[in-house]
Amino acid sequence: MEEDDANMVTPGEVLGKASDFKAGKGAYVSPHNHIIYASLTGLRRIQYPPLDAPDQRPTIEVTGHKAHGVVPEPGSIVIGRVTRVMARMASLDIMCVGTKSVPEKFSGIIRQQDVRATEIDKVDMHTSFRVGDIVRAIVLSLGDARAYHLSTAKNELGVVSAESGACATMVPVSWTEMQCPLTGQIEQRKVAKFGG
């Protein structure tokens with residue numbers, strides 16, 4: 001049995017409690033508070049189980065209102081462009097999830113504590129990322145204000161492409177530096193593992 005309550009929801013909207021519902025397609029349970037959230041834009045639907053089902057919780061799901069595009073979910077690897085760098089975090093526009101481009105705009109933030117796995121207290125956001133950098137990151141969770149929390153704290157995550165002041169694509173020379181091929185100038189970055 002299905003019930004369409006024709007409620008349009010967007011990513012991050014609360015759908016219900018895990019104690020009351022099971023998360024179906026387009027929904028996920030936060031491990032922190034056991035709340036079910038929408039992971040895509042679409043219509044909220046509730047499916048009731050058969051009377052003899054061992055789990056009598058209805059399933060809550062979100063069906064996309066347009067062609068199913070990919071959406072970032074906790075654990076997804078995403079590619080994003082840095083739009084803003086502040087003292088404690090960097091903002092990104094997510095462009096791809098895995099190898100697929102996203103159909104709508106998703107925002108992400110990398111907090112200072114999620115830049116790298118070691119010496120977290122010494123992370124300087126302005127030497128880790130610059131506006132325009134292309135970054136590979138993993139989705140930690142759906143954060144606040146419709147922005148996904150991202151992390152670059154693994155070797156294969158970080159800046160994959162950056163432009164120098166001379167508008168050339170820079171070349172990684174170490175885990176923390178990239179070099180402009182035209183000027184030879186070295187700039188600090190949280191670099192993704194070479195060739196990875």
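FYI, the numbering just counts along the sequence from 1. Every value quoted in this text rests on a predicted model; they were computed, and no experiment measured them.
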- Is there a path from V102 to I77 through hydrophobic residues (I, L, V, M, F, W, Y) whose side chains come within less than 4.5 Å of each other? no
- Shortest non-hydrogen contact between P72 and V139, atoms and distance: CB-CG2, 4.0 Å
- Message: Quick check on K154: does its NZ atom have over 12 non-hydrogen neighbours (other residues, nucleotides or ligands) under 6.0 Å away?
- Response: no
- With V62, which of T10, V9, I36 fulfils side chain to side chain contact (heavy atoms under 4.5 Å, CB included)? V9
- Message: Which residues pass the side-chain hydrogen bond (donor to acceptor under 3.5 Å, both in side chains) test with D55, not counting sequence neighbours?
- Response: R57
- Message: Main chain of V115, side chain of T152: is a donor-acceptor contact present, judged purely on distance under 3.5 Å?
- Response: yes
- Message: Please evaluate residues R116 and K122 with respect to the criterion side-chain contact (heavy atoms from CB on, under 4.5 Å), reporting the C-alpha separation (whole Å), side-chain torsions for both, the decisive distance (0.1 Å), and the verdict.
- Response: CA-CA 10 Å; R116 63 182 185 213; K122 294 185 182 156; 3.7 Å; yes
- Task: Decide yes or no for Y148 and V78: does some side-chain heavy atom of the first lie under 4.5 Å from some side-chain heavy atom of the second?
- Result: no
- Closest approach of A153 to A117 (non-hydrogen atoms, all atoms of both residues): O-CB, 3.5 Å
- Report the C-alpha separation of D114 and R111 in whole Å, then their side-chain angles, then the decisive distance to 0.1 Å, and conclude whether the salt bridge (Lys or Arg N to Asp or Glu O under 4.0 Å) test is met. CA-CA 5 Å; D114 298 324; R111 296 168 300 182; 3.0 Å; yes
- Query: Do I79 and F129 belong to the same hydrophobic cluster, where Ile, Leu, Val, Met, Phe, Trp and Tyr are linked whenever their side-chain heavy atoms lie under 4.5 Å apart, directly or via other members?
  - Reply: no
I'd like a table of donor-acceptor pairs (distance under 3.5 Å, sequence neighbours excluded) in which one partner is a side-chain atom from residues 86-101, with atom names and distances.
none

